[in-house]
Amino acid sequence: MSKPTLNHIKNTIGIIGNDKMLNRAIEIAMQVASTKMSVLISGENGTGKESFSKIIHSLSSYKHKKLVPINCGSIPEGTIDSELFGHEKGAFTGAVETRKGYFEEADGGTIFLDEIGEMPLSTQARLLRVLEYGEFIKVGSSKVQKTYPRIIAATNVNLLEAVRKGKFRQDLYYRINTVTIQVPPLRKRGDDILLLFKKFANDFADIHVTQPIKLDPEAAHTLLSYTFPGNVRQLKNLVNQMAVLEYQHPLIDAQTLATYLPAHSQALLTVAPHDTLNPQISPAEREILYKVLFEMQKDLQDLKRLLFEKLQKEEEGKDLIDAYPVLFNRLREPNTIAGNFPKTHTPPAPIANKNPLPLAKFLTKENIEVPSQEENLRLIDKEKELIQKALRKHDYKRKYAAKSLGIAERTLYRKIKEYDL
């Protein structure tokens with residue numbers, strides 16, 4: 001039987017995305033699945049940690065038995081021992097019959113302990129004995145029983161910090177932390193956000209029998225800038241809301257999208273520190289704008305040089321040069337920014353007894369071609385042109401093109417999609 005590929009696992013488990021950190025986490029899960037080691041999955045709430053327990057279970061020798069998921073944070077402290085290890089009849093008020101616990105049910109299979117950092121210290125001691133010796137005792141019993149499940153734990157808190165604060169046992173931490181899988185938060189997965197949006201939009205369109213909602217370019221940019229504190233779970237709920245309420249206008253713009261983002265979270269939109277120009281512009285994008293401005297400055301200098309050369313060839317042009325010395329001294333020095341030319345420069349005196357000719361009279365279409373306002377003056381066009389130059393220069397290798405532009409490869413990839421290059 002051939003070894004399953006990364007894409008096969010994604011399709012089987014239902015994982016959407018191509019982010020490098022996500023792919024690396026899946027690859028680690030695939031590698032450790034065939035072992036019997038305990039695994040710790042770390043990540044924020046809503047990142048899909050349970051999906052990784054499914055990957056490990058489905059590729060392990062325990063796959064023929066149960067995968068038992070347990071949320072340790074949702075079980076009251078007074079009953080968690082009974083839930084995990086079972087109890088005998090009459091062990092406490094309400095224990096009307098003997099009951100098996102999750103560890104007994106999961107014998108030979110896999111048990112997934114989600115939010116293990118919420119587990120009480122007394123229960124942690126019981127769990128440590130299961131991990132070390134495969135032994136447990138039911139509540140209200142003195143009989144030692146055996147169980148051998150594969151244990152996978154998950155947490156959204158820093159367990160090492162919890163150990164320092166005395167809220168988590170150090171010996172248990174090192175016992176479950178044999179292999180750690182770090183699941184990236186949604187805000188760090190780049191264009192995976194748009195892939196997930198499209199997937200959820202199609203799913204909810206089928207459920208609600210409507211047209212799938214879509215984002216215009218500005219709304220897509222807004223979505224990519226949002227931090228998603230609730231991660232994939234929050235995005236899914238967001239799409240569900242819009243699928244129900246905006247089905248009559250399925251193309252979502254940025255203004256509409258903003259009404260669905262929590263008001264208290266607007267401040268969480270990704271901003272560049274100390275940005276005095278535009279709080280929505282990232283440092284990488286600002287770098288592109290600077291390059292565009294420098295390119296525009298270079299074009300302006302070339303235009304000044306061409307104008308001066310043409311004026312020198314025309315009889316009326318020579319008269320204009322003499323009549324407006326300060327203006328044309330700037331044209332004579334194309335590399336000098338307007339207003340900053342050398343103070344030591346002495347312009348030639350205007351020719352005596354000659355009336356200055358109106359500059360507008362000379363600068364006509366017949367004398368000199370003046371570029372239209374729309375021609376290469378928009379920043380977005382210059383940015384697009386700059387990206388195309390970089391791509392051509394590096395044989396369309398995005399990694400090297402992004403490096404020459406001074407931006408992240410992910411930012412360049414988004415710009416290529418945005419401009420349909």
Side-chain angles (χ1 to χ4, degrees), residues 10 13-17 19-26 28-29 38-57 67-77 80 83-84 102 110-120 123-124 127 151-165 167-168 172-173 176-177 179-197 199-200 203-204 223-242 260-270:
K10 286 182 181 179
I13 305 299
I15 297 176
I16 307 295
D19 176 69
K20 289 181 180 179
M21 290 188 292
L22 177 70
N23 287 344
R24 178 56 181 158
I26 296 172
I28 294 173
S38 55
V39 180
L40 178 64
I41 305 171
S42 180
E44 297 177 8
N45 279 333
T47 51
K49 297 188 289 293
E50 188 171 348
S51 297
F52 288 84
S53 69
K54 293 177 181 177
I55 294 173
I56 296 170
H57 177 72
L67 168 62
V68 181
I70 303 158
N71 190 321
C72 300
S74 66
I75 305 175
E77 185 173 348
I80 190 168
E83 293 288 327
L84 293 179
Y102 292 126
T110 304
I111 190 163
F112 175 57
L113 299 172
D114 198 7
E115 309 306 346
I116 194 171
E118 303 296 324
M119 183 179 287
T123 308
Q124 291 177 31
L127 174 59
I151 296 178
I152 303 172
T155 181
N156 68 332
V157 299
N158 187 330
L159 288 185
L160 200 55
E161 185 64 25
V163 170
R164 291 194 191 100
K165 293 179 179 179
K167 295 181 179 180
F168 200 83
L172 179 60
Y173 170 75
I176 64 172
N177 195 27
V179 176
T180 300
I181 298 174
Q182 186 69 45
V183 183
L186 183 59
R187 63 181 172 275
K188 292 186 178 180
R189 289 174 56 184
D191 290 333
D192 282 3
I193 296 172
L194 299 180
L195 294 175
L196 286 162
F197 183 96
K199 170 66 166 60
F200 294 148
D203 289 347
F204 288 122
L223 196 73
L224 288 171
S225 300
Y226 188 66
T227 60
F228 284 101
N231 291 292
V232 178
R233 189 180 298 132
Q234 182 185 5
L235 176 61
K236 187 174 183 178
N237 291 337
L238 175 71
V239 178
N240 195 10
Q241 289 180 54
M242 291 194 291
Y260 288 91
L261 298 175
H264 71 278
S265 297
Q266 292 302 311
L268 297 176
L269 289 173
T270 305

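We count residues from 1, following the sequence as given. Keep in mind that what you see is a predicted model, and the values were worked out from it rather than measured.
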Visitor: Step through the shown structure and confirm whether more than 12 heavy atoms of other residues, nucleotides or ligands are within 6.0 Å of NZ on K10.
Guide: yes

Visitor: Looking only at heavy atoms, what is the nearest atom pair of S51 and I13, with distance?
Guide: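 Answer, listing the atom of S51 first, then I13: O-CG2, 3.8 Å.
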
Visitor: Should L238 and L261 be marked as a side-chain contact (heavy atoms from CB on, under 4.5 Å) after you check the CA-CA gap, both sets of side-chain angles, and the distance that decides it?
Guide: CA-CA 8 Å; L238 175 71; L261 298 175; 4.2 Å; yes

Visitor: For residues L224 and G190, report the shortest heavy-atom separation together with the two atoms involved.
Guide: CD2-O, 3.4 Å

Visitor: Grab the two heavy atoms, one from F168 and one from I116, that are nearest each other, plus how far apart they are.
Guide: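 That closest heavy-atom pairing would be CE1-O, 3.6 Å.
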
Visitor: Could you give the distance from CD1 (I41) to OG1 (T155), rounded to the nearest 0.5 Å?
Guide: 11.0 Å

Visitor: From the options V232, I16, N237, select the one residue that forms a side-chain contact (heavy atoms from CB on, under 4.5 Å) with F200.
Guide: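 With F200 as partner, V232, I16, N237 yield a single side-chain contact (heavy atoms from CB on, under 4.5 Å), made by V232.
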
Visitor: Kindly indicate, with the supporting measurements, whether the criterion side-chain contact (heavy atoms from CB on, under 4.5 Å) is fulfilled by I15 and I55.
Guide: CA-CA 10 Å; I15 297 176; I55 294 173; 3.7 Å; yes

Visitor: OH/Y173 to CG/L159 distance, rounded to the nearest 0.5 angstrom?
Guide: 6.5 Å

Visitor: Would the number of heavy atoms belonging to other residues, nucleotides or ligands and lying under 6.0 Å from CD of E77 be above 12?
Guide: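 No, CD of E77 has 12 or fewer neighbouring heavy atoms, counting only those of other groups under 6.0 Å.
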
Visitor: Would the distance check show the side chain of N231 and the main-chain N or O of P185 forming a donor-acceptor pair, the cut-off being under 3.5 Å?
Guide: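 Side chain of N231 to backbone of P185, a donor-acceptor pair under 3.5 Å: no, none is there.
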
Visitor: For M119, does its backbone N or O pair with a side-chain atom of Q124 as donor and acceptor, under 3.5 Å?
Guide: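 It does hold such a pair.
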
Visitor: Any chance you could measure I152, atom CD1, to F112, atom CZ, to the nearest 0.5 Å?
Guide: 7.5 Å

Visitor: Would you sort out whether L195 and D192 count as a side-chain contact (heavy atoms from CB on, under 4.5 Å), showing the intermediate values?
Guide: CA-CA 5 Å; L195 294 175; D192 282 3; 4.0 Å; yes

Visitor: Of all the heavy-atom pairs spanning T180 and S42, show the shortest one and how long it is.
Guide: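 Closest approach of T180 to S42: CG2-CB, 4.4 Å.
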
Visitor: Run the side-chain contact (heavy atoms from CB on, under 4.5 Å) test on R189 and F228 for me, step by step, so that the C-alpha distance in whole Å, both residues' side-chain angles and the decisive distance to 0.1 Å come before the verdict.
Guide: CA-CA 11 Å; R189 289 174 56 184; F228 284 101; over 6 Å; no

Visitor: Given 3.5 Å as the limit, does a donor-acceptor pair link the side chain of K49 with the main chain of V183, or not?
Guide: no

Visitor: For the residue pair Q241 and Y260, what are the closest heavy atoms and their distance?
Guide: OE1-CD2, 3.8 Å

Visitor: Rounded to the nearest 0.5 Å, what separates atom OG1 in T47 from atom CG in L186?
Guide: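 One finds 9.5 Å between OG1 of T47 and CG of L186.
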
Visitor: When rounded to the nearest 0.5 angstrom, what is the spacing between CD in E118 and CD1 in I80?
Guide: 9.5 Å

Visitor: So if I apply the side-chain contact (heavy atoms from CB on, under 4.5 Å) rule between L113 and each of P69, S38, C72, which one comes out positive?
Guide: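 Only match with L113 under side-chain contact (heavy atoms from CB on, under 4.5 Å): C72.
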
Visitor: Any salt bridge between R187 and E44, counting N to O under 4.0 Å?
Guide: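 Salt bridge flag = yes for E44 with R187.
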
Visitor: On a heavy-atom basis, which atom in A29 and which in I56 lie closest, and how many Å separate them?
Guide: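 Between these two residues, the closest heavy atoms are O-CG1, 3.8 Å.
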
Visitor: Kindly indicate whether the side chain of D19, heavy atoms from C-beta on, has any atom under 4.5 Å from the side chain of K188.
Guide: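 No, too far: nothing below the 4.5 Å cut-off.
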
Visitor: Enter the distance from L172:CG to N177:CG here, rounded to the nearest 0.5 Å.
Guide: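 Here the interatomic distance stands at 10.0 Å.
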
